[in-house]
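Okay, structure first, notes after.
In what follows, every chain begins at residue 1, and chains take the letters A, B, ... in the order their sequences are listed. All figures in this text were calculated on a predicted structure; none of them were measured in a lab.
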Protein chains: 2
Amino acid sequence: MQAIAYNLQKGITVANSSTLRDIAEKAGVSVSTVSRVLNDQPGIGSKTRARVLAVAQELQFVPNAAARSLATKRTRNIGLVNYKWAVPSQFVASSLDSVGIDEECQRLGYHLLTTLVGEQAMKRNALQLPMVREERVDGLILAGPAIKPSFIIELYNSGLPVVLLDNRLRGTDIDCVLHENETGVYRVTQHLIQEHQHQVIAFLSGPDTWLSSRERAAGYHSALAEASLEPHLFLMPDTTVETGMKAMQTALIKIPDLTAVVAVNDAVAVGAMRACKAIGRSVPEQIAVVGFDNIGWSELHDPPLTTVHAFGEDMGRQAVRRLIELIESDPNQEHARLRLRVATRLIIRRSCGCD
Amino acid sequence: MQAIAYNLQKGITVANSSTLRDIAEKAGVSVSTVSRVLNDQPGIGSKTRARVLAVAQELQFVPNAAARSLATKRTRNIGLVNYKWAVPSQFVASSLDSVGIDEECQRLGYHLLTTLVGEQAMKRNALQLPMVREERVDGLILAGPAIKPSFIIELYNSGLPVVLLDNRLRGTDIDCVLHENETGVYRVTQHLIQEHQHQVIAFLSGPDTWLSSRERAAGYHSALAEASLEPHLFLMPDTTVETGMKAMQTALIKIPDLTAVVAVNDAVAVGAMRACKAIGRSVPEQIAVVGFDNIGWSELHDPPLTTVHAFGEDMGRQAVRRLIELIESDPNQEHARLRLRVATRLIIRRSCGCD
DNA sequence: AAATTATACGCAATCGCTTGCATAATATTA
DNA sequence: TAATATTATGCAAGCGATTGCGTATAATTT
């Protein structure tokens, strides 16, 4: 093995980055002038301004976050609160949100503090969240339907800007960004009905306390109602593959002539397909199955899953934009509540019967 | 729909949390005394101490992070740098690390700043990372094998505490925490040889620049050498399902009598199985396939994947512990480099031929 | 040219907490 | 009991920014 020569110089710690004072001295002006120049404030002569800017450039000045925060009461950090699923695979769908969130933060010069909250943590007061208590964030994105209403309310009432991701709170005007759940499921259900002439279609739904479940169920219902078909709804306590399997088993027993299933998400859909396979019913020949989310694995399944693509990355981006809007807006000035919807797209593959 | 009544009081913004001064006045002592009490420093009478503590409790005092940082030059934030995969599904395996990282941070009173760096960002100097430039973190966890050596070196040389997760840099003494890659793959390969009498076994490896790939390949090699079998190594530019499929196709053509494959990770293994299915070779009857990671879906695959379980959560936890150790240790005092290995576990399912 | 209004800039306080040093209070020793 | 060593506390100067207010210059108006 050949030794690799890196230019190691640990210990020669990087020089402390320069301060406003350094710039001020070198440019022969006062600290406050420098501050004003660097913050694009008016009232500074163009000549001075140029000189200061030049020196700042030369010294590679970067403002110290702590000092700035202390003076301005703003951190330029935002917090992302995710639910800590007991089952790790549940994280999959939301990981894409994070990508969008991260990118948009970077783009807008914000930093992202993340944290997971479990059932345990949600029993305590939300203001006990470390990042909130210690005033480390200017605002929060609360992601997913599993964050408890009381938790949300506590944060919202504290005055901290908050936006909900993939969730909403009835009776409040908390901003949120959501998938077009209803339309998405409506379309895929309609597809089953119109293209494949299914008559007996079940819906495997998540908890009724989750907005996305309710809305997706609504989409299912309206598609069925439109075709005068009878709905069959199955509620599950969560939306994992395992739960999907169980629900599907129940469904198959309770509805002998079942020919199609729309699942509240892809994980459940996969579970449903496994259940079918387990009792020897082929998908999609005997039972059609469709999902929601379009997670990576849905394409690789056999048969490939027909599903509704959720643009998680865009959702994340929108949430960040809105949150920063709230943060930077004048808190005294009333602003309209915003509910953003991000469109979905039908992804036709084979599990619906298409080929 | 029934209206839901929440106790909304937006605008009644939470009272600014109390400061040292508030406590000092109420307790009739000086600010510095309060500070000393709250930081458990010696030299304060037990009586005063008790009184201060009581008042602090009563006022629900929480120190302001910005002020504290400004004074101490420490943030109690650590940064997590992840590689921004082009293919979203690549995120899956590392998502578990994050859980451990987050938990351990919370436990130790630190906060987690996360960011994704893509190829683009890695071309710039690592010190340009926003969270580093603005001194928002006390240390960094650099996760995954795709972070460029030059990037790592730049950070390390700056004196910022750094620990590598699932990666290592030859010729440096940068701390890292790693899976027991070699042992893990050695075992699973041995299993194929000893329990299933395979003689022609290929290894589908990731880029040779990735430590985990090299080490896993080494495990494969030593198991084969031990049994005097001839190795067949296939290198891939990345480790997605798609790449795995392609690599497997090549392998099947180049080695007609191939009977088993060990994949550098589960995604690749899934790709390999798909390739087999595509040309009608059954797994495990005609070709055995095993993986590494034990991601959620590996159990659900048909056949269920035999693999090596990687304890990602523990890795993350260890990384945090070590990083904080570095952060809080005296920077002048030399400390030994640490390379932590987290053991793996063989998960026998059906894709190897067991039942 | 004197008076008035703008324009540029500096002074100094402030944000909330830490910490070296001085000093008052108490305990120890001779 | 006086002298000395301890212990407990306060003062005040930072840390690195922002910002209200005052003032010397320059520009404008009579």
Side-chain angles (χ1 to χ4, degrees), chain A residues 14-53 55-56 59-77 109 111 132-138 328, chain B residues 14-53 55-56 59-77 109 133-138 328:
Chain A
V14 83
N16 282 331
S17 76
S18 50
T19 71
L20 282 195
R21 243 186 81 157
D22 299 333
I23 300 182
E25 284 173 4
K26 192 149 185 172
V29 295
S30 80
V31 173
S32 45
T33 301
V34 176
S35 172
R36 290 194 175 102
V37 170
L38 264 27
N39 289 331
D40 265 336
Q41 286 177 24
I44 303 291
S46 55
K47 202 125 186 223
T48 332
R49 180 173 297 262
R51 183 153 34 94
V52 169
L53 248 21
V55 176
L59 260 42
Q60 303 238 50
F61 173 78
V62 178
N64 176 281
R68 190 190 269 248
S69 293
L70 184 54
T72 59
K73 306 252 166 234
R74 302 251 325 267
T75 61
R76 286 201 148 252
N77 286 148
H111 298 253
V132 174
R133 275 180 20 129
E134 301 176 16
E135 310 171 55
R136 282 174 197 262
V137 293
D138 296 337
E328 299 186 345
Chain B
V14 82
N16 282 332
S17 74
S18 51
T19 72
L20 283 196
R21 245 186 79 158
D22 299 333
I23 300 183
E25 286 173 2
K26 192 148 187 176
V29 294
S30 79
V31 172
S32 45
T33 299
V34 177
S35 171
R36 290 193 176 102
V37 169
L38 265 28
N39 290 331
D40 262 336
Q41 288 178 23
I44 303 289
S46 55
K47 202 128 186 221
T48 331
R49 180 175 298 260
R51 183 157 28 99
V52 169
L53 248 21
V55 177
L59 260 44
Q60 303 238 49
F61 173 78
V62 178
N64 175 279
R68 188 187 268 247
S69 293
L70 184 56
T72 59
K73 308 251 165 230
R74 300 249 327 266
T75 61
R76 287 203 148 247
N77 285 150
R133 274 181 19 132
E134 300 175 19
E135 310 170 54
R136 288 174 125 95
V137 293
D138 295 336
E328 299 186 345

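The side chain of B:T33 lies closest to D:dT9, out of D:dT9, D:dC15, D:dA17. Among the nucleotides D:dC15, D:dA17, C:dC9, the one closest to the side chain of B:L70 is D:dC15. Ranking D:dA17, C:dC15, D:dG10 by closeness to the A:A67 side chain, first place goes to D:dA17. Side-chain proximity of A:P63 to the nucleotides D:dG10, D:dA17, C:dC17 is greatest for D:dA17.
Applying the side chain to side chain donor-acceptor pair (under 3.5 Å) test to residues at least two apart or on different chains, the pairs with a partner in residues 27-44 of chain A are A:S30-A:S32, A:S30-A:T33.
The shortest side-chain heavy-atom distance between B:D138 and B:N77 does not fall under the 4.5 Å cut-off. Between A:T19 and A:N64 there is no side-chain heavy-atom pair separated by less than 4.5 Å.
Heavy atoms of B:G45 sit under 4.0 angstrom from primed sugar atoms or phosphate atoms, though from no base atom. Note on B:S35: a base of the nucleic acid sits closer than 4.0 angstrom, heavy atoms only. Across all strands shown, A:T48 has heavy atoms under 4.0 Å from sugar-phosphate atoms exclusively, and none from any base. When heavy atoms are screened at a 4.0 angstrom cut-off, A:V29 is found touching the sugar-phosphate backbone but no base atom. Nucleic acid contact class of A:I44 (heavy atoms, under 4.0 Å, all strands): sugar-phosphate only.
With rounding to whole Å, A:R51 atom CZ is found 14 Å from C:dA8 atom P. Atom CZ in B:R74 sits about 22 Å away from atom P in C:dG16, given to the nearest Å.
Of all non-hydrogen atoms in B:T75 and B:S69, the two that sit nearest each other are CA-OG, 3.5 Å.
Note on the helix from C:dA1-D:dT30 to C:dA25-D:dT6: terminal axis deviation equals 50°, with five pairs used at each end and the result rounded to 10°.
Looking at residues two or more places apart in sequence or on another chain, you find no side chain to side chain donor-acceptor pair (under 3.5 Å) involving A:R49. Under the rule for a salt bridge (Lys or Arg N to Asp or Glu O under 4.0 Å), A:R51 has no partner lying at least two apart in sequence or in another chain. Residues passing the side chain to side chain donor-acceptor pair (under 3.5 Å) test with B:Q60, sequence neighbours excluded: none.
At D:dA17, none of the side-chain N or O atoms of A:R21 fall inside 4.0 Å of OP1 or OP2 (strictly under the cut-off). Between A:K73 and C:dG16 there is a side-chain polar atom (N or O) within less than 4.0 angstrom of OP1 or OP2.
Mapped onto DNA chain D by nearest heavy atom, B:T72 and B:G43 fall at different nucleotides, with B:G43 at the one closer to the 5' end.
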At a cut-off of 3.5 Å, list every protein nitrogen or oxygen paired with a nitrogen or oxygen from nucleotides 20-22 of chain D, distance to 0.1 Å.
| unit_1 | atom_1 | unit_2 | atom_2 | d |
| --- | --- | --- | --- | --- |
| D:dG20 | O6 | A:R36 | NH2 | 2.6 |

